[in-house]
Student: 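Questions regarding the structure given below will be posed in turn.
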Amino acid sequence: MKSSLKTAIVVPTYNESDNIGILAQEILSLPVQLLIVDDNSPDGTGEIADGWAGKDSRVFVLHRPRKMGLGTAYIAGFKRAPSLGADRVITMDADFSHHPRYIPTLLTRSETADLVIGSRYVDGGGTLNCTLGRRVLSRSANIFTRIALGLRAHDCTAGFRCYRRVVLESIDLDTIFSDGYSFLIEMLYRSQKMRHEIEEVPIIFEDRRRGASNISRGDTVIRLSLTSK
Ligand SMILES: Nc1nc2c(ncn2[C@@H]2O[C@H](COP(=O)(O)OP(=O)(O)O)[C@@H](O)[C@H]2O)c(=O)[nH]1
Ligand SMILES: [Mg+2]
């Protein structure tokens, strides 16, 4: 479906030199802009990203001085996206856990929904190659979060999302206090509270192909203080 909406895809990176080139190639086959937020990755991801920006005018790179966390990387992307004229922003990991083949579905559904979540926990969704420990942790964190915060979505910690601009404008990004997975929960919580229309589309989440996970164990702790907001 041809859309008049402009899309920016925000990809935070830390040591993704094995993945970023292939991912950029796949993303750029679509009519979108790509915004990479790199935290001075020691493996040279930032330079590879600059290389892509040099050969395709739809690629932009935000360089941050050091590893500052996934939540603030998303926020930096959200703040930059309007200057690219983006009407909607997709967020996704660089490691192919979030496969670019789902982007067209996210885009189609975002024609009518304000926030579309690529979800593991709706019919047709699932995980591949994830360890039992990771699956149990993710599943129980999601069940707990849904109940504790009254969230209607089934995959509350999914990072593969499409936000319409109106959602990002309705949330004061400077007051988001959490990082990592809790950042994703907080964004969802605030979106629901603002009565935005939230939809989930099924995705199969595959564990990263190359490189190591950057998420710390501390990130898996759900901050209950969210409920007092
Ligand atoms: N800019 C930036 N990106 C990060 C940081 N931590 C993780 N990432 C990126 O965020 C995405 C998700 O991280 P990942 O390590 O795959 O987490 P996991 O999927 O939960 O194991 C990947 O694209 C990472 O490269 C960070 O501190 N800064
Ligand atoms: Mg990952």
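Start at 1 with the first residue, then count along the sequence. Whatever order the structure lists ligands and atoms in, that order sets their numbers, starting from 1.
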Student: Any idea which atoms of ligand 1 are less than 4.0 Å away from a heavy-atom of V37?
Tutor: 1 (N)
Student: For ligand 1, which atoms sit closer than 4.0 Å to a heavy atom of T13?
Tutor: 1 (N), 2 (C), 3 (N), 25 (O)
Student: Near R134, which atoms of ligand 1 are under 4.0 Å from a heavy atom of that residue?
Tutor: 18 (P), 19 (O), 20 (O), 21 (O)
Student: Which pairs with one or both residues in residues 134-148 pass salt bridge (Lys or Arg N to Asp or Glu O under 4.0 Å), sequence neighbours excluded?
Tutor: R134-D207
Student: N/O of D38 under 3.5 Å from N/O of ligand 1, yes or no?
Tutor: no
Student: Are more than 12 heavy atoms, taken from residues, nucleotides or ligands other than D123, located less than 6.0 Å from that residue's CG atom?
Tutor: no
Student: Which ligand 1 atoms, with their elements, are less than 4.0 angstrom from a heavy-atom of E16?
Tutor: 22 (C), 23 (O), 24 (C), 25 (O)
Student: Closer than 2.8 Å to the Mg ion (ligand 2), do we get an N, O or S atom from D207, backbone or side chain?
Tutor: no
Student: Compute the minimum heavy-atom distance from S97 to ligand 1 and say whether it is under 4.0 Å.
Tutor: no
Student: Is the closest side-chain donor-acceptor distance between E186 and S178 under 3.5 Å?
Tutor: yes
Student: With nothing but distance in play, are any N or O atoms of V11 less than 3.5 Å from an N or O of ligand 1?
Tutor: no
Student: Honestly curious: do V116 and M194 fall in one hydrophobic cluster under the side-chain, below-4.5 Å linking rule?
Tutor: no
Student: Tell me the contacting part of A94 for ligand 1: side chain, backbone, both, or neither, using a 4.0 Å heavy-atom threshold, strictly below.
Tutor: both
Student: Measure the spacing between CG of D93 and NE2 of H98 and express it to the nearest 0.5 Å.
Tutor: 4.5 Å
Student: Examine the side chains of N142 and T145 and answer whether a donor and an acceptor come within less than 3.5 Å of each other.
Tutor: no
Student: So is R66 touching ligand 1 or not, going by heavy atoms under 4.0 Å?
Tutor: no
Student: First locate atom CG of D155, then atom CD1 of I117, and finally report the distance between them rounded to the nearest 0.5 Å.
Tutor: 7.0 Å
Student: Before accepting this row, confirm whether a basic side-chain N of the pair K79/D174 lies closer than 4.0 Å to the acidic partner's carboxylate O.
Tutor: yes
Student: Taking atom types as modelled and ignoring hydrogens, do the side chains of R161 and T91 form a donor-acceptor contact shorter than 3.5 angstrom?
Tutor: no
Student: Can you name the N/O/S atom of D95 that is nearest the Mg ion (ligand 2)?
Tutor: OD2
Student: Can you check which of M92, H98, R64, K67 brings a heavy atom nearest to atom 5 (C) of ligand 1?
Tutor: K67
Student: Any N or O of P12 that comes nearer than 3.5 Å to an N or O of ligand 1?
Tutor: yes
Student: Considering only heavy atoms of Y181, which atoms of ligand 1 have at least one such atom less than 4.0 Å away?
Tutor: 18 (P), 20 (O)
